[in-house]
Amino acid sequence: MTGMQGPGFDIFGFLDEPGRPASVATVTASGQPALAMMWYAFEDDHLWFHSPEAGPAPFLRAAAGNREVAVMVATFSPPDDVRQVRMTGPARLAGRDEERVRRLYRRYVRAWSPAWDRQAASAGFRLWAMSPQRGMAVAYPGLADSPGFRWSEPAGLLALRG
């Protein structure tokens, strides 16, 4: 299901812009909110993340339980570039996929090194994905509202690909 009009910008192009982080939110085991900035890649209709297993790992616990997470990818450079894609959906743990992790990292790392290669292959990190089931995309050109775009099922977002 979508809003009255399409989005005011190319959502998929925006999500594919290298170097743009995602704000990711979930709830901890004790019921407290958890929020982090994360690197991601949008591939195969999912947002992919690579998180360390050591220490507090609320995002990996959410993925292990197939629980909902919220993600926002945004720019905020008023008045000309204010765009947001906000999504919620279930997270899930994924199997090892070093090539996917390398593609994810290369969106952010300018000078690849053996250290990055070791981290991409590290057993101390887990790959996980989020399926954007519901969400919205908004833009505020010149700080004025433009038509928003909403979806309440994955097909609503994926239909934009034509």
Side-chain angles (χ1 to χ4, degrees), residues 1-26 35-52 59-60 62-63 66 68-113 115-117 119-122 125-162:
M1 178 180 286
T2 62
M4 292 181 61
Q5 296 184 11
F9 60 98
D10 174 9
I11 293 174
F12 297 111
F14 179 70
L15 293 175
D16 284 340
E17 290 177 12
R20 186 173 314 291
S23 297
V24 185
T26 192
L35 178 65
M37 295 291 287
M38 295 186 185
W39 293 356
Y40 75 94
F42 186 72
E43 296 182 351
D44 301 326
D45 303 328
H46 288 77
L47 289 149
W48 295 88
F49 304 92
H50 196 230
S51 297
F59 301 98
L60 293 179
N66 201 37
E68 296 273 317
V69 297
V71 176
M72 181 171 73
V73 179
T75 62
F76 189 76
S77 186
D80 301 318
D81 188 13
V82 181
R83 296 173 286 167
Q84 298 177 348
V85 178
R86 306 174 202 166
M87 302 162 271
T88 61
R92 66 172 174 82
L93 291 176
R96 294 186 61 79
D97 186 340
E98 291 177 25
E99 285 308 311
R100 186 182 304 274
V101 173
R102 284 183 183 94
R103 287 192 304 272
L104 187 160
Y105 282 13
R106 284 189 177 113
R107 291 175 35 82
Y108 301 91
V109 176
R110 292 178 192 216
W112 194 257
S113 70
W116 286 112
D117 215 35
Q119 183 166 321
S122 171
F125 283 72
R126 283 298 302 267
L127 184 64
W128 62 280
M130 179 269 214
S131 173
Q133 302 289 307
R134 295 161 302 286
M136 66 183 299
V138 294
Y140 302 98
L143 297 181
D145 284 334
S146 69
F149 173 78
R150 297 176 187 270
W151 70 93
S152 59
E153 57 191 45
L157 173 63
L158 301 178
L160 293 175
R161 286 201 174 141

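We use all heavy atoms of the structure for the numbers below, so side chains are in, but hydrogens, waters and symmetry mates are not.
- Between D16 and F42, the shortest heavy-atom contact is OD1-O, 3.8 Å.
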Full working for side-chain contact (heavy atoms from CB on, under 4.5 Å) between S131 and H46: CA-CA 5 Å; S131 173; H46 288 77; 3.8 Å; yes
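- Scanning both residues, T88 and A70, for their nearest heavy atoms gives CG2-CB, 3.9 Å.
- Distance OH/Y40 to OH/Y108: 5.0 Å, rounded to 0.5 Å.
- Separation of atoms CZ (F12) and CG (L160) is listed at 5.5 Å; rounding is to 0.5 Å.
- Note: Y105 and W112 have tilted aromatic rings, judged against thresholds of 30 and 60 degrees for the angle between ring planes.
- To the nearest 0.5 Å, atom OG of residue S23 and atom CZ of residue R86 are 11.5 Å apart.
- Residues R102 and E98 are paired through a salt bridge, judged by an N-O separation under 4.0 Å between the basic side chain and the carboxylate.
- Each of L104, V85, V24, V71 was scored for a side-chain contact (heavy atoms from CB on, under 4.5 Å) with L47, with one residue passing: V71.
- Put simply, CZ on R83 and OH on Y140 are 13.5 Å apart, with the number rounded to the nearest 0.5 Å.
- The line from CG of L158 to CG of D45 is 4.5 Å long, rounded to the nearest 0.5 Å.
- The structure places CZ of R107 at 9.0 Å from CZ of R20, a figure rounded to the nearest 0.5 Å.
- No option in R134, M130, M72, M136 other than M130 meets the side-chain contact (heavy atoms from CB on, under 4.5 Å) test with M87.
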